[in-house]
Each structure stands twice: as C-alpha cells, then as structure tokens.
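Remarks on the structure that follows.
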Amino acid sequence: MAALSSVRWLTRALVAAPSPGAWRGLATSAVSRSASRGQAEDVKVEGAFPVTMVPGDGVGPELMHAVKEVFKAASVPVEFEEHYLSEVQNMASEEKLEQVLTSMKENKVALIGKIHTPMEYKGDLTSYDMRLRRKLDLFANVVHVKSLSGYKTRHNNLDLVIIREQTEGEYSSLEHESAKGVIECLKIITRTKSQRIAKFAFDYATKKGRNKVTAVHKANIMKLGDGLFLQCCEEIAELYPKIKFETMIIDNCCMQLVQNPYQFDVLVMPNLYGNIIDNLAAGLVGGAGVVPGESYSAEYAVFEMGARHPFAQAVGRNIANPTAMLLSASNMLRHLNLEYHSNMIADAVKKVIKVGKVRTRDMGGYSTTTDFIQSVIGHLHPYGG
C-alpha cells in the first residue's frame, strides 16, 4: 500500500502540469539577448549568440566537433557553452544537471546529442534526459522527414512531419511492483497536454503551409487514455477548418508508412508512438544519420537528431554521419534568425550528398566523418552565390 500511495502522489505531481502560457511560436527571436555571457572556450565571437551545447554519448562529441568545424569555416556568429551530461560515462549528477538547466534557461537555445539511458535500474526510474526535458517543459518534439536529393531510397521525394508529445504518456516513469512478479507501469494522458500538442501541430501546419494533420492513437484498446488524446485532437481540429484532419490507429499507421508514406503530411501522437514512428520514418529516407529534429517549450528550443541513437559501436572510428546534426544546427541558426548562415550550411550539406562522391558507410560509401566535414566546408559558398 505504501508503494501504491507513493505512485499516486507521483501521479498527482506529474498531472499537475505548469500553465503552458502563450506559445511563442516556432521561431522565438534571440536577437535582443546579450551574447557576452558563457563558459565555453571553444568558440568566442564578439557579438555572437550564446548557445548551450551538450555533446551527449556515443558519437555525440564527434558530431559536435563537426558542427564546430563547419561553423568556424562559415564564420557563424554563435558562441557555444559546452556542458557534459552522461549516465554511462559517470558524468551525471544533480549539480551537472543544474548547470545544464541554468545555461539553457539563460540562452533559450541548445544543441544536444543523445544522452543515453541505461536499462539497468539503479533506484531512480527517471533518466536525466527525461528530467531535462520535463524541467524545461519541452513538450513538442518535431521531426521533419524529407528525402535528400541524390540519395535514392525505396521511397523518394518524401516530405512529412512527425510531432510527438514528450512529457507524459508511457514515459511518465511511474512503475511499481504491486505484488511479487507483477509490475504496474502507468501511462499518463492529460487533457491539458493533449490539447497543447494538438494545437501545436495545427499551428505548425498553418505556419508551414501544410494541408493535413493525422492524429495517431490506439483508442480502440486504450479507450480512456488514448480516447482522451483523440478527443482533444478532434476538438482542436474544429478550430482549424482549412486543415484536413484524419485519425489512424498506430499499428495501421506503421504499415501505411511503409506501403504508402506519401499520404501523410503532419502526424501528431503521444510519446511512445512518436518515438517508434520517428525511427521508422527516418529509415525510409536513409536512417538516423540524416534526419534532424527539434524540441520546443513555450520558452526554449532544443535542436538534436530526429532519431536519437548514440551509435556507440562507431565511437572513435571516424565513420559517423554528421548530416543530421549539421542539418539540426542549420535549423537552429534559422531559429536564431541567422538565415544567411543557416541556408549556406544546409545547402553545402545537401550538395555533398547530391554529388555523391563523399558518403559515409551508413549511406553506402567509404568516406570518413572527417572526409564529409571537409567536403561540406569545401562546398560552403555565400548564399545565392
């Protein structure tokens, strides 16, 4: 009973979400902030934008090195404040987490690698990655799955967006053993957060000129939990008559994505489904190494890889594909209203892939990470030039 009471208390604490406030849109400007503060010694540019950098685990540090090299070559006015947070490298603690949070709260913008979560239970069910996202209320994860010109896959010319609620659902970290050999894992779905992510999806579709939003669910089985999520999406959809609205059960959605992904435009879904669909869709256009992602709260923006994998087996081998991280960094620059530098870097990355002479192993080539970085730098040209 004591364990159950503890879980109920945690449930109430989780459901009592902070007021979402006014969502500030997809491009919160950082122009008015001072660029003089920061700890990092890596990039110091007078008048630069301060950005928090968390390399994460696996090949994360190597990918961040790629970003810094390309930014340096492109003279990008960004100053990185680098922090290390890792549960697998004994670099995770309350103090380090608070340092990262303080930096993110000051800078409002971050570029992060995958903070790997070990499967072993060590007394705390909530990973540092999830704690970071919850404390910043990064409720919306956005993954733009788009085919890269010159790189052929089974489905070409794909262009769809997956929007995932990532502060509740199955990732609520509420588990307990109610009886010997019986584990209860609680999935939390709230009206407030379901409405918020639905509104985000429709606002995104409106802002980006997209025509359809598909709500993905399993309300036929989880009639109350997913039923509430679906109901909230339907209610919000009525406020956007110009956007077509459809619903689809998660298992059918997986099959449809493989058979005919062109039917989708914007998809919105709860936490676990989004994690699965992000990875499935990334596989359609080339894998985890080529798809960028981003996460938003009302105040903060975090840029990362769309399919979060540490790729630990590649560490130190100079074979990781920096495409996804470079495209994420380019999106970050656009968020900072640095359109010129954003376009220059994105164009260079896409030109390297389109030419096809330099490709990492995951894309069927034999080039190293260093080869790819140097090729991108070689393709950096003044935008429009």
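Within the 3.5 Å criterion, the main-chain N or O of I319 finds a donor-acceptor partner in the side chain of T369. Proximity of a side-chain donor or acceptor of E98 to a complementary backbone N or O of E95 within less than 3.5 Å is not detected. Side-chain atoms of E69 do not come within 3.5 Å of backbone N or O of A73 as any donor-acceptor pair. One N or O on the side chain of H379 and one on the backbone of S375 form a donor-acceptor pair closer than 3.5 Å. Distance alone, capped at 3.5 Å, is enough to place a donor-acceptor pair between the T153 side chain and the H155 backbone. Looking at Q166, its side chain does come within 3.5 Å of a backbone N or O of L138 through a donor-acceptor pair. For the pair N107 (side chain) and V109 (backbone), a donor-acceptor distance under 3.5 Å is absent. No side-chain donor-acceptor contact under 3.5 Å links S342 to the backbone of L338. Panel note: side chain T52, backbone S103; a donor-acceptor pair is recorded below 3.5 Å. In this structure, N343 contributes its side chain and E339 its backbone to a donor-acceptor pair below 3.5 Å.
Between R334 and E294, no side-chain nitrogen of the basic residue sits less than 4.0 Å from a carboxylate oxygen of the acidic one, so the salt-bridge criterion is not met.
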Just do the side-chain hydrogen bond (donor to acceptor under 3.5 Å, both in side chains) check on Y262 and D159 with the steps written out, would you?
CA-CA 8 Å; Y262 302 101; D159 186 357; over 6 Å; no
Could you walk me through whether D226 and Y273 satisfy the side-chain hydrogen bond (donor to acceptor under 3.5 Å, both in side chains) test, starting with their C-alpha distance in whole Å, then the side-chain angles of each, then the deciding distance to 0.1 Å, before giving a yes or no?
CA-CA 11 Å; D226 279 26; Y273 309 156; 2.6 Å; yes
Would S147 and N156 count as a side-chain hydrogen bond (donor to acceptor under 3.5 Å, both in side chains) if you check the C-alpha gap in whole Å, the side-chain angles of each, and the deciding distance to 0.1 Å?
CA-CA 6 Å; S147 298; N156 297 299; 5.2 Å; no
Take L280 and C254 through the side chain to side chain contact (heavy atoms under 4.5 Å, CB included) test and state the conclusion after the steps.
CA-CA 8 Å; L280 189 159; C254 291; 3.9 Å; yes
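Evaluation of the salt bridge (charged side-chain N to carboxylate O under 4.0 Å, His left out) rule for E304 yields R133, R308 as partners, not counting sequence neighbours. Among residues two or more places apart in sequence or in another chain, the side chain to side chain donor-acceptor pair (under 3.5 Å) test is passed with N271 by R164. In this structure, the salt bridge (charged side-chain N to carboxylate O under 4.0 Å, His left out) partners of D265, at least two apart in sequence or on a different chain, are R210. Take E165 and apply the side-chain contact (heavy atoms from CB on, under 4.5 Å) test, not counting sequence neighbours, and it matches F139, T167, E168, K193, R196, I197. Under the salt bridge (charged side-chain N to carboxylate O under 4.0 Å, His left out) criterion, E246 pairs with K212, K244, not counting sequence neighbours. By the salt bridge (charged side-chain N to carboxylate O under 4.0 Å, His left out) test, K223 pairs with no residue at all, sequence neighbours left out. Residues satisfying the side chain to side chain donor-acceptor pair (under 3.5 Å) criterion with T247, sequence neighbours excluded, are absent altogether. Checked against ring pair (Phe, Tyr, Trp, His ring centres under 6.0 Å), Y300 has no partners two or more places apart in sequence or in another chain. Judged as a ring pair (Phe, Tyr, Trp, His ring centres under 6.0 Å), and not counting sequence neighbours, the contacts of Y240 are F202.
Contact check for V54 versus I115: side-chain heavy atoms found under the 4.5 Å cut-off. Counting heavy atoms from C-beta on, the side chains of F49 and V76 never come closer than 4.5 Å. Contact check for L326 versus V70: side-chain heavy atoms found under the 4.5 Å cut-off. In this structure the side chain of I162 reaches within 4.5 angstrom of the side chain of M269, judged on heavy atoms. Side-chain contact between V291 and M305 is absent, with no heavy atoms from C-beta onward closer than 4.5 Å. The closest side-chain heavy-atom distance from L267 to V161 is not below 4.5 Å. With a 4.5 Å cut-off on side-chain heavy atoms, S367 and F372 do not count as touching. Two residues are said to be in side-chain contact when any heavy atoms from C-beta on lie closer than 4.5 Å; S330 and V349 fail this criterion.
Taking every heavy atom of both residues into account, Y151 and G286 meet most closely at CE2-CA, 3.7 Å. Scanning both residues, C233 and V268, for their nearest heavy atoms gives SG-CG1, 4.3 Å. Heavy-atom minimum distance, L136 versus S297: O-CB, 3.2 Å.
Heavy atoms of other residues, nucleotides or ligands lying less than 6.0 angstrom from NZ of K187 number more than 12. Heavy atoms of other residues, nucleotides or ligands lying less than 6.0 angstrom from CG of L224 number 12 at most.
Identified under the salt bridge (Lys or Arg N to Asp or Glu O under 4.0 Å) test for residues 227-240, with sequence neighbours left out: R191-E235. Sorted pairs that involve residues 353-382 and meet salt bridge (Lys or Arg N to Asp or Glu O under 4.0 Å), not counting sequence neighbours, are lacking altogether. Residue pairs meeting the salt bridge (Lys or Arg N to Asp or Glu O under 4.0 Å) criterion with at least one partner in residues 279-293, sequence neighbours excluded, are absent.
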